[in-house]
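Since the structure comes first, as structure tokens, the remarks are kept for the end.
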Amino acid sequence: MTEKTPIELTLAHSPDPDDAFMWWPLFERDGDLPALDVGRYRFTPVAVDIETLNHQALEATYDITAISCVHYPRVRHAYALTACGASMGDDYGPKLVARSLMTIEAMRSARLRIAIPGRFTSAFATASLLLGKDQFEAVELPFETIIDAVRDGTVDAGIVIHEGQLTFADDGLHLVADLGSWWGAETGLPLPLGANAIRRDLDERFGAGTLREVTTLLRQSIDHALAHRDEAVAYALQFARGMEAALADEFVALYVNRWTLDFGPRGLSAVETFLQRTHAAGLTDAPGDVDLVVPAGV
């Protein structure tokens, strides 16, 4: 009896430790089998910066992909969100930083040039809600170059994401605002930054129930990574851009949390509120319904 051909799925994530941490149990590494029994599936990892993934999601390039939460209304025709795999900042988030101490009011009135990690990112959308979308000149830069651009005066200020949220002060920069803290004070909700999207047509392509079956594997992957934290952090270090293991583990702890395991009602409310407010501010399309695929057993 011949074995059935496995179902090949691409799983795209941003090249940072938290995404790598939660998905490594699904991937073959150096010829080794995945840490999880993935059944009839084979997952191929793709590590690309989040703004590139946002653009590629417009073409439904990958079967499963990280996207910025604010980008969901633009791609909801092709993707649903999984109830697991999100990155939420619970009273913390991307940092708005400058070379010198500055108030939000001064920043609004000066109409500064501010480096952003992409126009489709949740970080840019949140800063636009805070400052007013016409109150600054957005300068798109690769996320890993923003700290240097602020420090050398190429721009007046910048929005830092990924590990820059923990290291910007080491480069002599000053915090203007923690976008997650501001959002929490405004709404009482966590700030939905990244979401995990899955193509709606998987059931049509591979049979009814595929969406939920794959989402269940995704949840199991996060559970396994949390249960084998040392091994997961060791794998994630290849995406840590020079961070020591302790700092990488600190960063992972920020964004692989209870919201990552399951949006839950409050997490879903945070997403809906965020999308309603960004739409009202003219930053994105009408959100429509937020369609979540929930793992089996949840």
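No single ILVMFWY cluster, assembled from side-chain heavy atoms under 4.5 Å apart, contains both Phe27 and Leu53. Side-chain heavy atoms closer than 4.5 Å link hydrophobic residues (I, L, V, M, F, W, Y) into clusters, and following such links, even through other members, never connects Tyr62 to Leu26. Ile7 and Phe43 end up in the same hydrophobic cluster when Ile, Leu, Val, Met, Phe, Trp and Tyr side chains are linked at under 4.5 Å. If you chain together hydrophobic residues whose side chains sit under 4.5 Å apart, Trp23 and Val252 fall into the same group. Placement of Leu175 and Phe251 in two distinct hydrophobic clusters is found when ILVMFWY residues are connected by side-chain heavy-atom separations under 4.5 Å, directly or transitively.
Pairing each heavy atom of Asp19 with each of Ser87, the nearest pair is OD1-OG, 4.4 Å. The shortest non-hydrogen separation linking Ala20 to Ala236 is CB-CA, 4.0 Å. Minimum interatomic distance between Leu261 and Ile222 (heavy atoms only, all atoms of both residues): CD2-CG2, 3.6 Å. Smallest separation of non-hydrogen atoms from Leu130 and Ile104: CD2-CD1, 3.8 Å. Here the closest non-hydrogen pair linking Asn196 and Ala66 is OD1-N, 4.2 Å. A pairwise comparison of heavy atoms in Pro117 and Ile161 identifies CB-CD1, 3.8 Å as the closest pair.
For the pair Glu59 (side chain) and Gln56 (backbone), a donor-acceptor distance under 3.5 Å is absent. A distance-only check finds a donor-acceptor pair linking the side chain of Asp203 to the backbone of Thr210 [under 3.5 Å]. Although no hydrogens or angles enter the test, the distance criterion places no donor-acceptor pair under 3.5 Å between the side chain of Ser68 and the main chain of Gly194. Side-chain atoms of Trp24 come within 3.5 Å of backbone atoms of Phe21 as a donor-acceptor pair (strictly under, hydrogens ignored). Listed for the Thr10 side chain is a donor-acceptor partner under 3.5 Å among the backbone atoms of Asp63. A donor-acceptor pair under 3.5 Å links the side-chain atoms of Thr103 to the main chain of Ala106, judged by distance alone. At least one donor-acceptor pair under 3.5 Å links the side chain of His228 to the backbone N or O of His224. In this structure a side-chain-to-backbone donor-acceptor pair under 3.5 Å is present from Ser122 to Leu193. Thr273 places no side-chain N or O within 3.5 Å of a backbone atom of Ala270 that could act as its donor or acceptor partner. A donor-acceptor distance shorter than 3.5 angstrom exists from the side chain of His71 to the backbone of Asn54, with no hydrogens or angles considered.
Here Ser181 contributes atom OG and Glu186 contributes atom CD; the two are 12.0 Å apart, rounded to the nearest 0.5 Å. For the atom pair CZ (Arg212) and OG1 (Thr216), the distance works out to 6.0 Å, reported to the nearest 0.5 Å. With rounding to the nearest 0.5 Å, the separation of CG in Leu131 from CZ in Phe136 is 5.5 Å. Atom CZ of residue Phe168 and atom CD of residue Glu163 lie 13.0 Å apart, to the nearest 0.5 angstrom. To the nearest 0.5 Å, the span separating CG on Leu112 from CG on Leu96 amounts to 9.0 Å. Separating the OG1 atom in Thr82 from the CG atom in Leu211 is a distance of 10.5 Å, to the nearest 0.5 Å.
One finds a salt bridge joining Arg200 and Asp291 here, because a Lys/Arg side-chain nitrogen approaches an Asp/Glu carboxylate oxygen to under 4.0 Å. For the pair Arg113 and Glu137, the salt-bridge criterion is met [side-chain N within less than 4.0 Å of a carboxylate O]. Using a 4.0 Å cut-off between charged nitrogen and carboxylate oxygen, Arg119 and Glu51 do not count as a salt-bridge pair. Between Arg74 and Asp285 no salt bridge is recorded (no basic side-chain N to carboxylate O distance below 4.0 Å). Classification of Asp90 and Arg258 as a salt-bridged pair holds, one side-chain N sitting under 4.0 Å from a carboxylate O. With salt bridges taken as basic N to acidic carboxylate O contacts below 4.0 Å, one links Arg219 and Asp223.
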Exercise for review: Evaluate side-chain contact (heavy atoms from CB on, under 4.5 Å) for Ile64 paired with Leu218, printing each intermediate quantity in order.
Suggested key: CA-CA 10 Å; Ile64 305 153; Leu218 298 177; 4.3 Å; yes
Exercise for review: Might you work through the side-chain contact (heavy atoms from CB on, under 4.5 Å) test for Leu9 and Val214, ending with a clear yes or no?
Suggested key: CA-CA 10 Å; Leu9 298 176; Val214 171; 3.8 Å; yes
Exercise for review: Start with the C-alpha distance between Ser14 and His162, add both sets of side-chain angles, then the distance that settles side-chain contact (heavy atoms from CB on, under 4.5 Å), and finish with yes or no.
Suggested key: CA-CA 10 Å; Ser14 60; His162 299 329; 4.0 Å; yes
Exercise for review: May I have the step-by-step check of side chain to side chain donor-acceptor pair (under 3.5 Å) for Tyr92 and Gln165, ending in yes or no?
Suggested key: CA-CA 9 Å; Tyr92 54 82; Gln165 297 168 71; over 6 Å; no
Check your understanding: Given the rule in the side chain to side chain donor-acceptor pair (under 3.5 Å) test, do Asp148 and Thr145 qualify, once you have shown the distances and angles that lead to the verdict?
Key -> CA-CA 6 Å; Asp148 287 343; Thr145 70; over 6 Å; no
Check your understanding: Between Thr167 and Ile147, is a side-chain contact (heavy atoms from CB on, under 4.5 Å) present by the stated rule, with each step listed?
Key -> CA-CA 9 Å; Thr167 64; Ile147 285 177; 4.1 Å; yes
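Taking the side chain as every heavy atom from C-beta outward, Thr44 and Leu11 never approach each other to under 4.5 Å. Counting heavy atoms from C-beta outward, Met107 and Val176 have side chains that approach closer than 4.5 Å. In this structure the side chain of Thr61 never reaches within 4.5 angstrom of the side chain of Val46, judged on heavy atoms. Side-chain contact between Ile114 and Asp156 is absent, with no heavy-atom pair separated by less than 4.5 Å. Inter-residue side-chain proximity for Val75 and Leu58 is flagged as met; some heavy-atom pair is nearer than 4.5 Å. Side-chain contact between Asp91 and Pro190 is absent, with no heavy-atom pair separated by less than 4.5 Å. Proximity of Thr65 to Tyr79: side-chain heavy atoms (C-beta onward) are separated by under 4.5 Å at one or more points. Using a 4.5 Å heavy-atom threshold, the side chains of Leu141 and Ile116 count as separate.
No more than 12 heavy atoms of other residues, nucleotides or ligands shown are found within 6.0 angstrom of CD on Glu204. Counted within 6.0 Å of CG on Asp170, heavy atoms from surrounding residues, nucleotides or ligands total more than 12; the atom is thus considered enclosed. Counting non-hydrogen atoms of other residues, nucleotides and ligands closer than 6.0 Å to CG of Asp152 gives a total above 12. Applying the 6.0 Å contact sphere to CD of Glu244 captures no more than 12 heavy atoms from other residues, nucleotides or ligands.
In this structure, Arg277 forms a cation-pi arrangement with Trp183, its terminal cationic atom sitting closer than 6.0 Å to the ring centre and no more than 45° off the ring axis.
No side-chain donor-acceptor contact under 3.5 Å links Tyr41 and Glu8.
Ring geometry for His13 versus Phe239: interplanar angle over 60°, hence perpendicular rather than tilted (30 to 60°). Ring geometry for His55 against Phe120 counts as tilted: the plane angle lies between 30° and 60°, on a 0 to 90° scale.
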